[in-house]
Amino acid sequence: MNINMKDNFKKWLDLQQKKTLLKFLTCGSVDDGKSTLIGRLLHDTKQIYDDQLFFLKSDSKRHGTQGNEIDLALVVDGLQSEREQGITIDVAYRYFSTNKRKFIIADTPGHEQYTRNMATGASTCDLSILLVDARKGLSEQTYRHSFISTLLGIKYLIVAINKMDLVNYKQEIFENIKKDFLIFSKKLANDLNIIFIPMSALLGENIVFKTKLMPWYQGVTLLSFLETIKIKNSISSEELRFPVQYINRPNSDFRGYSGILLSGRMHVGQTIKILPENINSRVSRIVTFDKELKKAEIGESITVVLKDEIDINRGDFFVNIDSILQPSQEAIIDIVWMTDNILLAGESYNVKLSGKKIRVYIKEILFRLDVNTLKKVKSHSLVLNSIGRVKIYFSKPVIFDNYSENRMTGNMIFIDLLTNITVGAGMIVNSLDKKGKIPSNKQKDFESDFYDLIIRHFPHWNIPKILMKKVYK
Ligand SMILES: Nc1nc2c(ncn2[C@@H]2O[C@H](COP(=O)(O)OP(=O)(O)OP(=O)(O)O)[C@@H](O)[C@H]2O)c(=O)[nH]1
C-alpha cells in the first residue's frame with residue numbers, strides 16, 4: 001500500500017468511526033413486505049455486491065415471485081429457509097452504512113410464537129419499523145409489535161404503509177390507516193414519536209428515492225428519516241451508572257475498580273458517590289487495557305482508581321453525588337417468559353442485573369397481558385412467549401433503575417437454578433420499599449447453593465454432598 005492509499009484508508013476509517021449508529025427493528029405480519037423492504041434498502045444503498053446481484057438475478061427467476069424481475073425478498077431468504085426447517089434463530093442482525101450513518105437491522109420473525117425473539121431484538125433497538133399492507137390495514141401483529149416495541153423501551157415508531165402501488169397510491173387509504181393507528185397508539189406509552197410513510201418496497205418508492213407518484217406525501221423517504229433522526233435517551237439516561245464488576249489488584253500498589261460505564265460520563269477529578277455504602281470519593285485515574293484516559297464515555301470498559309481507600313465490593317455502583325438512587329429489595333417488573341417451563345408464583349430464580357447475579361423469589365403474578373388486545377388478564381402462571389407483570393423479592397438489597405429511565409440498569413435476565421438456561425427477560429417498572437417475607441417452605445430454594453439444590457431436587461441420584469461441593473465449587 002503506498003502512502004496516499006494509506007492516508008485515504010485512514011481517512012475512511014476515521015470517517016466510519018465518527019458516524020453514529022442506529023439500531024432498528026423491522027416487524028409486520030407475514031407477507032407485508034419485510035424482506036422486500038430490507039432487500040430494497042440494501043440494494044438502493046449499494047450494499048449488494050455484483051456477484052451477489054448476479055446470483056440474486058438467477059435465483060429470482062427460479063424461486064422469486066416477480067417473474068423475470070429481481071425478487072429483493074430473496075436477499076434475506078437464507079434465514080427464512082432455516083426457519084422453515086425449524087432451526088431456532090433468535091434474531092438475525094444485518095449491518096449496512098451510508099455516508100451519513102451506520103445501521104444495524106434486527107430482523108425478527110413476526111409470528112406470536114416468536115414473541116421472545118422479537119423482545120430480544122427490540123431490547124437493543126432505538127426504533128421500530130412496523131410494516132402494514134396498504135390493502136389490509138392494521139392487523140393483530142401491528143398491535144402486538146407496537147406494544148412489544150414500546151414495552152422494551154423503543155420511543156420511535158415508523159409505520160411503513162407498504163404496497164401503495166396495489167392501491168393506486170391513494171391518499172385516502174394512507175390517511176385511514178394513519179388515523180386507525182393514532183387511535184390505537186393512545187393505549188401505548190404517551191411519549192412516543194410516530195411517523196407514517198407511504199411506500200412501495202417492491203418498486204423502491206419512498207425507501208431511498210422519493211416517488212413522484214404520491215405528490216400528496218410531503219414527508220421524507222425512509223432512508224432520509226433513518227439517517228437524520230436524533231434519538232434521545234433511548235438506551236440510557238445521562239445519570240452516571242458504573243457497576244463495579246471486578247476489583248483489580250495486580251499488586252499492592254494498584255487498586256482499581258473495573259466495569260462498563262453503563263450510562264453517563266466519568267472524568268478524572270470527578271467526585272462520585274459509591275452505593276450502597278453512600279460514601280463519596282474522587283476519581284484519580286481512569287485506565288483501559290492499553291492507555292490512561294482523562295474521561296470515559298458510555299459503553300467503555302474501564303478501570304477506575306479512587307483517591308480514597310474505601311472497602312468496595314463487586315456489584316457496588318458509582319453514581320453522581322446528587323443521585324437519589326437507593327438499594328431496594330423488592331420490585332414490580334414486566335416479564336417476557338421464554339421457556340416451556342411455566343413461571344409460577346413461589347418459584348426462585350437467579351437473575352443477572354447490571355452484570356451481577358442474584359437470587360430472586362417470585363412473590364406474585366399480578367397479571368398476564370393479552371398482547372393482541374392489551375387487556376390485563378388475571379393469571380397464576382406465565383407460559384412460553386407470554387408477557388406479564390410480577391412482584392419479585394431479591395435475596396439482598398440491590399441497585400437498579402426503572403427500565404423507562406435507564407434500559408441498561410433496569411433490565412434483567414432470569415436464569416433457571418438447575419439448568420442455568422436463560423428463561424425470561426424482565427424490565428423493572430418500579431421498586432417497592434417494603435421488605436417481603438418468603439414462605440418457609442420456599443425458603444430453601446431461595447437460599448440454597450447450586451449443589452444443595454441438586455441434592456434436594458434429585459435425592460435419588462444419591463450423590464454424596466462432599467463430591468458435589470468439589471464438582472461445583
Ligand atoms: N406489489 C407489491 N408487492 C410487494 C411489495 N412489497 C412486497 N411485495 C410482495 O409481497 C410478497 C411478500 O413480500 P415479503 O418481502 O416476502 O414479505 P415478508 O413480510 O418478508 O414475509 P415473511 O418473511 O414471510 O414474513 C412478495 O411477493 C413481495 O414481492 C410492494 O410494495 N408492492
Side-chain angles (χ1 to χ4, degrees), residues 24-44 47-48 53 56-57 59-94 96 105-118 121-122 128-146 148-149 158-171 173-174 177 196-214 217 221-223:
F24 66 91
L25 182 78
T26 51
C27 31
S29 318
V30 174
D31 279 355
D32 281 352
K34 202 159 55 80
S35 309
T36 310
L37 177 75
I38 297 174
R40 173 58 68 186
L41 263 177
L42 299 178
H43 179 269
D44 288 4
Q47 314 287 318
I48 304 177
L53 211 54
L56 192 61
K57 278 181 188 156
D59 280 356
S60 297
K61 280 187 196 144
R62 271 181 287 139
H63 311 294
T65 56
Q66 298 306 312
N68 278 339
E69 301 295 315
I70 289 187
D71 186 351
L72 287 169
L74 295 182
V75 174
V76 293
D77 244 24
L79 174 72
Q80 276 161 357
S81 56
E82 279 172 320
R83 273 184 200 144
E84 276 151 25
Q85 290 163 33
I87 300 168
T88 313
I89 293 174
D90 276 336
V91 186
Y93 293 97
R94 293 161 203 291
F96 78 101
I105 314 176
D107 178 10
T108 59
H111 199 270
E112 189 158 1
Q113 79 202 64
Y114 294 115
T115 297
R116 62 175 167 180
N117 309 53
M118 204 210 139
S128 259
I129 300 181
L130 301 155
L131 267 123
V132 178
D133 186 328
R135 295 169 304 174
K136 300 179 189 162
L138 305 183
S139 65
E140 273 192 359
Q141 252 90 330
T142 325
Y143 300 134
R144 187 150 47 84
H145 293 167
S146 330
I148 297 171
S149 298
I158 300 179
V159 184
I161 301 173
N162 190 32
K163 305 199 184 182
M164 287 300 292
D165 55 300
L166 297 181
V167 295
N168 292 325
Y169 304 103
K170 275 197 196 133
Q171 181 177 9
I173 290 186
F174 171 79
I177 296 174
F196 299 84
I197 304 181
M199 61 178 62
S200 167
L202 184 72
L203 303 176
E205 288 162 348
N206 288 345
I207 312 290
V208 173
F209 306 109
K210 188 118 194 216
T211 177
K212 293 201 172 76
L213 296 170
M214 291 181 265
Y217 173 69
T221 61
L222 175 68
L223 181 71

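Residues: numbered from 1 along the sequence shown. In each ligand, atom 1 is the first atom listed, and ligand 1 is the first ligand listed.
Close approach to Ser35 involves these atoms of ligand 1, each under 4.0 Å from a residue heavy atom: 15 (O), 18 (P), 20 (O), 23 (O). Ligand 1 places these atoms under 4.0 Å from at least one heavy atom of Ser29: 19 (O). Close approach to Gly33 involves these atoms of ligand 1, each under 4.0 Å from a residue heavy atom: 7 (C), 13 (O), 14 (P), 15 (O), 17 (O), 18 (P), 19 (O). Heavy-atom contacts of Ser200 reach the following atoms of ligand 1: 30 (C), 31 (O), 32 (N) (cutoff under 4.0 Å).
Nearest residue to atom 14 (P) of ligand 1 from Thr36, Asp32, Asp107 is Thr36 (criterion: closest heavy atom).
At distances below 3.5 Å, at least one donor-acceptor pair connects side-chain atoms of Thr211 with backbone N or O atoms of Leu213.
Applying the salt bridge (Lys or Arg N to Asp or Glu O under 4.0 Å) test to Asp44 and every residue at least two apart in sequence or in another chain returns Arg40. Applying the side chain to side chain donor-acceptor pair (under 3.5 Å) criterion to Ser146, with sequence neighbours excluded, gives no partner residue.
Any N or O atom pair closer than 3.5 Å counts here, and Leu202 shares at least one such pair with ligand 1. For Met164, no nitrogen or oxygen atom sits less than 3.5 Å from a nitrogen or oxygen atom of ligand 1, counting backbone and side chain alike. Checking only distances, Ala201 does come within under 3.5 Å of ligand 1, N or O to N or O.
For the pair Ser149 and Ser128, the tightest heavy-atom approach, listed with the atom from each and the gap, is OG-OG, 2.8 Å. Nearest heavy atom pair, residue Val167 against residue Ala134, reads CG2-CB, 3.9 Å. Across all their heavy atoms, Arg135 and Lys163 have their closest contact at NH2-NZ, 3.6 Å. Nearest approach of Tyr217 to Phe196, heavy atoms of both residues: CE1-O, 3.7 Å.
Of the heavy atoms in Asp31, both backbone and side-chain atoms come closer than 4.0 Å to ligand 1.
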